[in-house]
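Shown next, in structure tokens, is the structure this report addresses.
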Amino acid sequence: MTPANAAKPQTVAILGATGAVGQELLALLAERAFPIKELRLLASPRSAGVAVPWQGEKLEVQAVDEAALQGVDLVLASAGGSVSRQWAPIAVQQGAIVIDNSSAFRLDPEVPLVVPEVNPAAALQHKGIIANPNCTTILLSLALAPLAAQRPLKRVVVSTYQSASGAGARAMEELQQLSRTVLDGGEPQSEVLPYSLAFNLFLHNSPLQANGYCEEELKMLYETRKIMGLDQLRLTATCVRVPVLRAHSEAVNLEFEEPFPVEEARALLSAAPGLELIEDFATNRFPMPSDVTGRDAVAVGRIRQDLSNPNALELWLCGDQIRKGAALNAIQIAELLQQQVAP
Ligand code: NAP
């Protein structure tokens with residue numbers, strides 16, 4: 001941020017402030033010294049009155065309604081698709097810009113879908129709402145963009161290893177609790193996720209479509225195409241929930257129109273914004289969720305030639321999806337807008 005935009009404090013509302021992403025938004029607003037005149041914490045009536053400490057103050061959570069959105073300049077929404085569909089248009093009508101973490105508007109042609117390191121200019125085309133992409137897609141796009149800028153990208157095959165936190169704060173609690181149950185010799189019974197994740201994994205729990213893919217897998221296809229402006233990109237995904245508390249991992253195969261030398265890819269990925277290389281073939285040390293938990297950078301490594309295809313590369317990445325996959329990306333978008341209005 002520049003000193004000029006630091007002088008433009010805004011009234012900011014976090015819609016979904018008590019959730020996993022909402023709590024991270026709160027932490028990041030403080031950490032990045034986002035210029036704030038007033039911060040409103042909004043959630044469902046269940047959380048109304050809850051006091052949340054922030055910057056030495058106690059902020060009280062309010063139930064979202066029209067009055068709570070009045071006078072707000074920026075809404076950071078992370079309360080799910082139906083809540084965003086209900087309240088984002090009202091917030092915009094009342095003069096706010098909404099940066100939305102849900103899937104409600106991501107594929108709307110009128111709404112930019114933005115990863116600041118990949119397509120920052122799109123943010124400036126907004127008509128009030130800007131969508132934050134799906135978490136796995138944000139992490140993936142950071143690795144695809146610097147390579148696709150050098151050689152035409154033809155096809156991506158990705159398998160994800162998604163942590164409990166991707167399903168929200170209650171899913172994280174459930175994984176911890178059910179892991180204790182199993183260690184104590186009990187039978188884990190899940191309530192938040194469809195199956196117990198404790199010492200287990202299962203295919204992603206988003207709704208299955210007629211073509212056999214789940215919604216999360218199709219989000220990766222359509223959102224990657226939109227962010228990268230590659231309408232014809234072929235992408236197939238298999239999304240899996242794994243018993244990791246926080247941070248997602250992805251095994252990625254990238255096919256180009258021509259061979260892509262590994263050393264060139266490694267140099268590009270090492271220098272790309274938002275990425276960090278963790279790669280030591282001598283000690284078999286590559287990115288792990290624990291390397292990125294609570295951190296901004298998405299870690300990549302094990303970049304190698306695909307032995308089955310001379311035009312393809314393999315790589316592995318890990319990223320904290322509550323942070324770069326959601327809250328950090330949203331705040332980076334807000335910072336982009338700030339830079340735009342700064343004199
Ligand atoms: P979460 O931990 O379950 O939190 C949900 C939040 O929404 C809570 O603050 C909840 O408030 C609020 N909420 C629920 N119903 C509401 C209503 N009717 N009116 C107002 N507020 C309501 O979920 P999350 O993981 O933070 O995810 C939030 C959104 O971000 C979802 O759209 C999700 O898909 C998206 N997202 C999540 C991740 C991730 O890694 N977790 C990544 C990218 C995007 P109460 O406490 O009052 O119930």
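Since we're looking at a predicted model, the values are computed, not measured. Just follow the structure's listing: the first ligand is 1, and inside any ligand the first atom is 1.
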Q: Could you note down all residue pairs passing salt bridge (charged side-chain N to carboxylate O under 4.0 Å, His left out) where residues 63-85 supplies at least one of them, sequence neighbours left out?
A: none
Q: Select all protein residues for which some heavy-atom-to-ligand 1 distance is less than 4.0 Å, and list them by chain and number.
A: Gly16, Ala17, Thr18, Gly19, Ala20, Val21, Ala43, Ser44, Arg46, Ser47, Val64, Ser78, Ala79, Gly80, Val83, Asn101, Ser102, Cys135, Ser165, Gly166, Gly168, Ala169, Gln321, Ile322, Gly325, Ala326
Is it the case that the side chain of [X] and the backbone of [Y] share a donor-acceptor pair, with hydrogens and angles ignored and the cut-off at 3.5 Å?
| X | Y | value |
| --- | --- | --- |
| Arg106 | Asn132 | yes |
| Glu223 | Thr137 | no |
| Arg302 | Glu279 | no |

Q. Looking at residues at least two apart in the chain, or sitting in another chain, which of them share a side-chain contact (heavy atoms from CB on, under 4.5 Å) with Glu276?
A. Ile278, Arg295, Ala297
Q: Using side-chain hydrogen bond (donor to acceptor under 3.5 Å, both in side chains) as the criterion, list what pairs up with Arg285, not counting sequence neighbours.
A: Asp291
